[in-house]
Amino acid sequence: MKIAILSRNKKLYSTRRLIEAADSRGHETRVIDTLKCYMDITSTKPAIYYKGDRLDGYDAVIPRIGASVTFYGMAVLRQFEMMGVYPANESVAIGRSRDKLRAQQLLARAGVGLPVTGFAHSPDDTKALIKLVGGAPLVIKLLEGTQGRGVVLAETYKAGESVIDAFKELNANFLVQEFVKEAGGADIRCFVIGGRVVSAMMRQAKEGEFRSNLHRGGTASVIKLTAKERATAVKAAKVMGLNVAGVDIVRGKEGPLVLEVNSSPGLEGIEQATEKDIAGMIIENIEKNAKPHRTRTRGKG
Ligand code: ADP
Ligand code: MG
């Protein structure tokens, strides 16, 4: 197969591993720097150009779209979809997962366990909003934050009120969430490929930190999931429509609560913690499913 990898940097661990895994299975890959593509969207034959070439004959595309390039990256991916190229994750599914509010609403509708979450716009709802999530301590999250940036723990009511008011003043979109204390600064990253959890790790935040992101100094270890956790992760990925997903779960008092679903989950932490060939499994999943014009969410919002 001829596989395009949409990534801004071919030296990134995840990108390198995907190239390696595809190579070793006899596929041809090309890393396409998302922001350097340009597209012909007017013609009846949609096309993408890159470094003077017209990108033709690709069987599959693996989107590794960073949060900062979501808008343009999704447009490039849509263009691939219009050209009939099979996407490892579809643009619509990525869009759903990138917007934390939209993702939460979809997951809630499907009955997936979530921390109590509130969202508001007008400046005079702060008190009611804090009450809705059970008061302090509470977590405040920017809607498009990632890697733990933009997630704040307000330990007191006053702190919560100040942060919420400050975010409103900046016209930032954010949600307010119950702080799941019993998680103890740990969360579980479930790696889902093709409707199955293929690997999972527990991430523990460093001392004095509640965010367990590896980018924030968290440490990873292997973990055995309960059947409920496994089913929750699979369902969350399915609701988002993602073939490849990193579902983050915390252990709440009454069971698993989904924090977020990542559409370009990093491979480094999970491969190192679990010693599994996740990149290989992603390529295998593409081998199984790639057919021309297979985008299921075509024309959907
Ligand atoms: P990001 O997209 O920045 O990773 P997350 O929603 O995943 O944002 O939050 C980052 C980390 O903060 C999580 O991995 C988790 O450890 C911690 N965290 C987030 N929300 C909560 C919460 N409601 N209760 C307890 N811990 C949380
Ligand atoms: Mg996260």
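Note: hydrogens, waters and symmetry copies are ignored here, and every other heavy atom, side chains too, is used. Indexing begins at 1, ligand by ligand and atom by atom, following the structure's order. Since the model is a prediction, treat every value here as computed from it, not as a measurement.
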Next on the checklist: Please evaluate residues His293 and Tyr86 with respect to the criterion side-chain contact (heavy atoms from CB on, under 4.5 Å), reporting the C-alpha separation (whole Å), side-chain torsions for both, the decisive distance (0.1 Å), and the verdict.
Outcome noted: CA-CA 7 Å; His293 298 285; Tyr86 174 81; over 6 Å; no
Checklist outcome for this item: So for Lys141 against ligand 1, with non-hydrogen atoms under 4.0 Å, the contacting part is side chain
Checklist entry - Does an N or O from Gln177, backbone or side chain, lie closer than 3.5 Å to an N or O of ligand 1? => result yes
Checklist entry - Below 4.0 Å from any atom of ligand 1, is there a heavy atom belonging to Lys100? => result yes
Checklist entry - Tell me: protein heavy atom nearest atom 17 (C) of ligand 1, and distance? => result Phe210 O, 3.7 Å
Checklist outcome for this item: atom 12 (O) of ligand 1: closest protein heavy atom, distance to 0.1 Å, is Arg211 CG, 3.4 Å
Item to check | From the candidates Glu260, Glu209, Arg149, the one that places a heavy atom nearest atom 1 (P) of ligand 1 | outcome: Glu260
Checklist entry - What's the atom name of the N, O or S in Glu260 nearest to the Mg ion (ligand 2)? => result OE2
Checklist entry - With atoms numbered from 1 as shown, which atoms in ligand 1 lie under 4.0 angstrom from a non-hydrogen atom of Asn213? => result 4 (O), 10 (C), 11 (C), 14 (O)
Item to check | Sole candidate of Val247, Val197, Val244 that passes side-chain contact (heavy atoms from CB on, under 4.5 Å) when paired with Phe191 | outcome: Val244
Checklist outcome for this item: heavy-atom search around atom 15 (C) of ligand 1 in the protein gives Leu259 CD1, 3.5 Å
Checklist entry - Above 12 or not: heavy atoms from other molecules or residues under 6.0 Å from NZ of Lys2? => result yes
Checklist entry - Looking at side-chain heavy atoms only, is the closest gap between Gln177 and Gln104 below 4.5 Å? => result yes
Checklist entry - For ligand 1, which atoms, with element, lie under 4.0 Å from some heavy atom of Gln147? => result 1 (P), 3 (O), 4 (O)
Checklist entry - Do other residues, nucleotides or ligands put more than 12 heavy atoms under 6.0 Å from Arg25 CZ? => result yes
Item to check | Trace of the salt bridge (charged side-chain N to carboxylate O under 4.0 Å, His left out) decision for Asp277 with Arg17 | outcome: CA-CA 9 Å; Asp277 176 15; Arg17 285 285 300 122; 2.7 Å; yes
Checklist entry - Does ligand 1 have an atom that lies less than 4.0 angstrom from a heavy atom of Gly148? => result yes
Checklist entry - Charged N to carboxylate O under 4.0 angstrom, Asp99 versus Arg102? => result no
Checklist entry - Taking both backbone and side-chain atoms of Val180, is any N or O found less than 3.5 Å from an N or O belonging to ligand 1? => result yes
Checklist outcome for this item: Numbered in order shown, the ligand 1 atoms found under 4.0 Å of a heavy atom of Asp187 are 13 (C), 14 (O)
Checklist outcome for this item: When distances are taken from atom 16 (O) of ligand 1, the protein heavy atom at minimum range is Ser212 OG, 2.9 Å
Checklist entry - Is any side-chain heavy atom of Asp59 closer than 4.5 Å to a side-chain heavy atom of Val85? => result no
Checklist entry - Between Leu259, Val152, Asn173, Leu101, which is the residue that forms a side-chain contact (heavy atoms from CB on, under 4.5 Å) with Lys141? => result Leu259
Checklist entry - Should Arg203 and Asp248 count as an ion pair when the cut-off is N to O under 4.0 Å? => result yes
Checklist entry - Of all the heavy atoms in Val151, does at least one lie under 4.0 Å from an atom in ligand 1? => result yes
